[in-house]
Protein chains: 2
Amino acid sequence: MTEEAYLRDYDPKAFDSPLLSVDAVLFTYREGQLKVLLVERSNHPEMGKWGLPGGFVDLEADGTLEDTVIRKLQEKTGVVPPYVEQLSTIGNRSRDKRGWSVTVCYTALIAHQECETHIDTVSDAKWVNLKDLEKLDLAFDHKSIIAAGRERLKQKALYSIVPAYTLPEKFTLSDLQHVHEVLLGKPLQKKSFRRRIEQADLIVDTGEKSAEKGRPAILYRLKPEASRHTFIRNLEL
Amino acid sequence: MTEEAYLRDYDPKAFDSPLLSVDAVLFTYREGQLKVLLVERSNHPEMGKWGLPGGFVDLEADGTLEDTVIRKLQEKTGVVPPYVEQLSTIGNRSRDKRGWSVTVCYTALIAHQECETHIDTVSDAKWVNLKDLEKLDLAFDHKSIIAAGRERLKQKALYSIVPAYTLPEKFTLSDLQHVHEVLLGKPLQKKSFRRRIEQADLIVDTGEKSAEKGRPAILYRLKPEASRHTFIRNLEL
DNA sequence: CTAATAGTGTCTATTAGACATTATGTG
DNA sequence: CACATAATGTCTAATAGACACTATTAG
């Protein structure tokens, strides 16, 4: 048989295959707390429970898996997050009552203010502090996916500046240090933290200053290539 | 409708979904060269081309995605590799002529000698030097998946001892350093390399020695937890 | 002035890189 | 002995951590 004949007669439903979905762990930072976006499930299974934003690939609308996750996040937040990264893919027989199921999971980061207004208008999406997650009963294995996303972000805090994407476009070094400290669960030396970022040349002075209590702080902006930089030496745990 | 009723009537083929497969980039090291396992495709599409070992989830036989990839690797090599790690999941409309397709990719490492005999008996699987890959025309996007796996392994060489799994169970520090040097494409300082491994306490002296030309070298074995260790400081690029 | 927070100066202990030296095998 | 490779000793420049200090705003 030629390949042409094979493709002409190919039936994608001839073989049983796992259910395939996409899920996103969207983090943000506000007032000293890391938060994750949860949505209320409006359909079976696990209807009424809260879980991660996500869904199925739309074979017409989506060109890639990343298109799918971005489309889903935009539906819930109104905006496209500035940082999206694949986390891991989980597939097994037991995670979904419908049967063998695979989910391609992503971690995404966004500034709280970016999607504040949109989320405030809907009742089926909300930010939940990571600290408050333990009490909740989430759909499927979403709690462990969030834990994996949080662990990945913690690792990123050790060797990159990626956690900065949880902050507004213009941010202070103090805020950035606080995000890292929350992720790592320990205080960092101000001088060391600033030295490594300055040496890596990852941010630019916007010329503006924050207007808080005490001495105003310089507002910086990430350089476009900042997310790809990895420090030679990690912060210590 | 209750969840029970929903699940009873659930039809997994009601909606169009992408084709889902699993692929593995299996690396080994022999005589100064990194090699990757390729298999010849015996079915359409891309029949006759060489590509990565992989295939479809068997909903009956496989409990998890990792079961699938290990089953496929065992079919081709006769053994289960000591190191298997998820690489990334690639899904888009164009990578497979059959339509929207998703592949969950893994990186795996094994000692060349472990599967030498089995591979020598089959004609549809072979080791290919990474250096010789450029000339070949592989199936689907497998060449770029191999490049991603190689890049991941290079990163691991910078901050972990994971490349040791390309070596036999008992190996010398010189051999390990050579693997790292090939991955990084630059020579390393012997003293520095040994110091960091000794300090991290990742290997044990087997008491045996290698029998090559020159002074015999101590044969070491990896500690079980060695794959999880990350050095605080990376090797420099 | 004080309080509060931002930002800098500087000492020191640690350590990776460099490379010289010693050790242990074979013929 | 020479030769080859393994393994170690040791100097030095670089630097992260620690923390004291100075700077800049508000009131």
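Quantities reported herein were computed from a predicted structural model and do not represent experimental measurements. Chain letters run A, B, ... following the sequence lines, proteins first and then strands; every chain starts at 1.
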Measure [atom1]/[X] against [atom2]/[N] and give the value in whole Å, please.
{"X": "A/K213", "N": "D/dT24", "atom1": "NZ", "atom2": "C1'", "value": "16 Å"}
{"X": "B/E208", "N": "C/dG25", "atom1": "CD", "atom2": "P", "value": "15 Å"}
{"X": "B/K209", "N": "C/dT24", "atom1": "NZ", "atom2": "C1'", "value": "8 Å"}
{"X": "B/E212", "N": "C/dG27", "atom1": "CD", "atom2": "P", "value": "13 Å"}
{"X": "B/I197", "N": "D/dA6", "atom1": "CD1", "atom2": "P", "value": "14 Å"}
{"X": "A/F171", "N": "C/dT5", "atom1": "CZ", "atom2": "P", "value": "20 Å"}
{"X": "A/I203", "N": "C/dA6", "atom1": "CD1", "atom2": "P", "value": "14 Å"}
{"X": "B/L188", "N": "C/dC19", "atom1": "CG", "atom2": "P", "value": "15 Å"}

If we ignore hydrogens and angles and just use 3.5 Å, is the side chain of [X] paired with the main-chain N or O of [Y] as donor and acceptor?
{"X": "B/Q177", "Y": "B/L188", "result": "yes"}
{"X": "B/T206", "Y": "B/R221", "result": "no"}
{"X": "A/R41", "Y": "A/A139", "result": "no"}
{"X": "A/D67", "Y": "A/G63", "result": "yes"}

Q.
Applying a 4.0 Å non-hydrogen cut-off, can you work out what A/L173 is touching in the nucleic acid: base, sugar-phosphate, or nothing?
A.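 Since no nucleic acid heavy atom lies under 4.0 Å of A/L173, the category is nothing.
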Q | Pairing partner of D/dG27 (Watson-Crick or G-U wobble, both distances under 3.5 Å) | A |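 Here D/dG27 is engaged in a pair, and the nucleotide opposite it is C/dC1.
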Describe, in one word, how the ring planes of [X] and [Y] are oriented to each other, choosing from parallel (under 30°), tilted (30 to 60°) and perpendicular (over 60°).
{"X": "A/H142", "Y": "A/F140", "result": "tilted"}
{"X": "B/H112", "Y": "B/W127", "result": "tilted"}
{"X": "A/F193", "Y": "A/H180", "result": "perpendicular"}

Q: Please name the pair of heavy atoms, one in B/T28 and one in B/I110, separated by the smallest distance, quoted to 0.1 Å.
A: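 Smallest heavy-atom distance, with atoms named: OG1-O, 2.6 Å.
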I'd like a list of close polar pairs between nucleotides 16-20 of chain D and the protein, N/O only, cut-off under 3.5 Å.
from	atom 1	to	atom 2	distance (Å)
D/dA16	N7	A/R195	NH2	3.4
D/dG17	N7	A/R195	NH2	2.7
D/dG17	O6	A/R195	NH1	3.4
D/dA18	OP2	A/Q189	NE2	3.1

**Q.** A/R215 side chain, from C-beta outward: closest of D/dA6, D/dA7, C/dA6
**A.**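 Selected nucleotide (nearest to the side chain): C/dA6.
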Q | NZ-CG distance between A/K154 and A/L184, expressed to the nearest 0.5 angstrom | A |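 Separation between the atoms: 7.0 Å.
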Q. Got a sec? Which of residues 154-161 of chain A come in under 4.0 Å of DNA chain C, heavy atoms?
A. none
